Amino acid sequence: MPSRWRRGAPNRKTTRLGTPFEVLLPLQFNDGRDVPDEWLADAVFEIVEYVGAASYERQRVEGHWRNAGVTYRDNLVRLVVDVPDTAKNRQWMKAFKKRWKDKLQQLELWLVSYVITVE
C-alpha cells in the first residue's frame, strides 16, 4: 500500500478545539407553571455577554429521571456554548449552572462538556 494511505503517520498533528458545553433548561417549573420566555432569553444573553456567542435549540428535549422513587418528565431546551477549555471558563459555567438551577427552582440542572479533537 502506498505510504500516503497508511494510518497513523508519525507526522500527523492533532488540534484541540474549544470545549462545547450543553445546558438543558426546563420549559416548566416543577409545579407545572411555564418558565417565562424572557427568563430563557436572559440565560442565553448571559452566556453571550460572557463568551460572545451561544446556540439555543427551541426543539423540545424530553428528559426522564428518578428521585426518591418518583419518576419525573421534563420538557427542556438545549443551550450550547463553545469556549476555550480553561479553569476560568469551567468555573464560570459551573456558577452559571448554580444560578439558573436556583432561579428555575430545580433539584438539578444538566450541564455537560465535551472534548473535541480534530485529527
Side-chain angles (χ1 to χ4, degrees):
M1 176 164 47
S3 63
R4 68 177 182 258
W5 298 109
R6 287 192 192 137
R7 294 179 187 212
N11 61 353
R12 177 180 279 183
K13 293 183 180 180
T14 59
T15 303
R16 178 119 184 244
L17 300 178
T19 299
F21 285 87
E22 291 185 6
V23 183
L24 296 179
L25 299 173
L27 293 172
Q28 289 89 27
F29 294 100
N30 289 335
D31 65 6
R33 292 177 296 126
D34 287 340
V35 170
D37 286 339
E38 300 81 36
W39 286 24
L40 299 172
D42 288 346
V44 174
F45 291 131
E46 183 178 337
I47 287 183
V48 170
E49 281 295 314
Y50 178 73
V51 177
S55 299
Y56 179 71
E57 298 178 30
R58 294 277 314 168
Q59 178 179 339
R60 182 176 61 104
V61 175
E62 188 172 295
H64 299 263
W65 56 282
R66 293 186 67 103
N67 183 48
V70 177
T71 300
Y72 296 88
R73 185 185 80 190
D74 289 333
N75 294 312
L76 309 153
V77 291
R78 185 185 341 260
L79 178 56
V80 180
V81 60
D82 190 19
V83 296
D85 189 13
T86 66
K88 177 183 175 190
N89 287 338
R90 286 188 172 277
Q91 187 59 40
W92 191 91
M93 289 302 300
K94 288 177 185 178
F96 174 88
K97 173 189 171 175
K98 176 160 182 7
R99 279 191 303 280
W100 283 93
K101 179 180 141 188
D102 294 346
K103 182 170 184 166
L104 297 169
Q105 304 163 16
Q106 299 296 296
L107 297 174
E108 188 53 79
L109 201 63
W110 193 251
L111 169 68
V112 296
S113 64
Y114 303 93
V115 174
I116 296 178
T117 303
V118 176
E119 296 189 32

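Bear in mind that the values here come from a model prediction, so they are computed numbers and not experimental data.
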Can you name the residues that form a ring pair (Phe, Tyr, Trp, His ring centres under 6.0 Å) with W39, not counting sequence neighbours? F29

Nearest 0.5 Å please: distance from the CG atom of D42 over to the CG atom of D37. 11.0 Å

Can you give the donor-acceptor pairs under 3.5 Å from side chains of residues 49-57 to other protein atoms, not counting sequence neighbours?
residue, atom, partner, partner atom, Å
Y50, OH, N89, OD1, 2.6
Y56, OH, R58, NH1, 3.1
E57, OE1, R78, NE, 3.3

For the CG atom of L109 and the CZ atom of R99, what is their distance to the nearest 0.5 Å? 11.5 Å

Distance check, rounded to the nearest 0.5 Å: D82 atom CG versus E22 atom CD? 11.0 Å

Can you find a pair of side-chain heavy atoms, one from V81 and one from M93, that are under 4.5 Å apart? yes

Atom CD of E46 and atom CH2 of W92: how far apart are they, to the nearest 0.5 Å? 4.5 Å

Do L27 and V35 have side chains that approach each other closer than 4.5 Å (heavy atoms only, starting at C-beta)? no

When hydrophobic residues are tied together by side-chain contacts of less than 4.5 Å, even through go-betweens, does V23 share a cluster with V48? yes

Among all residues two or more places apart in sequence or in another chain, which pass the side chain to side chain contact (heavy atoms under 4.5 Å, CB included) test with R73? E62, H64

If you define the side chain from C-beta out and look only at heavy atoms, does anything of L107 sit under 4.5 Å from W65? yes

Is the number of heavy atoms from other residues, nucleotides or ligands within 6.0 Å of NZ (K94) greater than 12? no

Do D85 and R90 come within less than 4.5 Å of each other through their side chains, counting heavy atoms only? yes

Report the relative orientation of the aromatic rings in F96 and W100; use parallel for angles under 30°, tilted for 30 to 60°, perpendicular for over 60°. tilted

Does the side chain of Q105 pick up a donor-acceptor pair with the side chain of N30 at under 3.5 Å? no

Between CG on residue L76 and CD on residue Q28, distance to nearest 0.5 Å: 8.5 Å

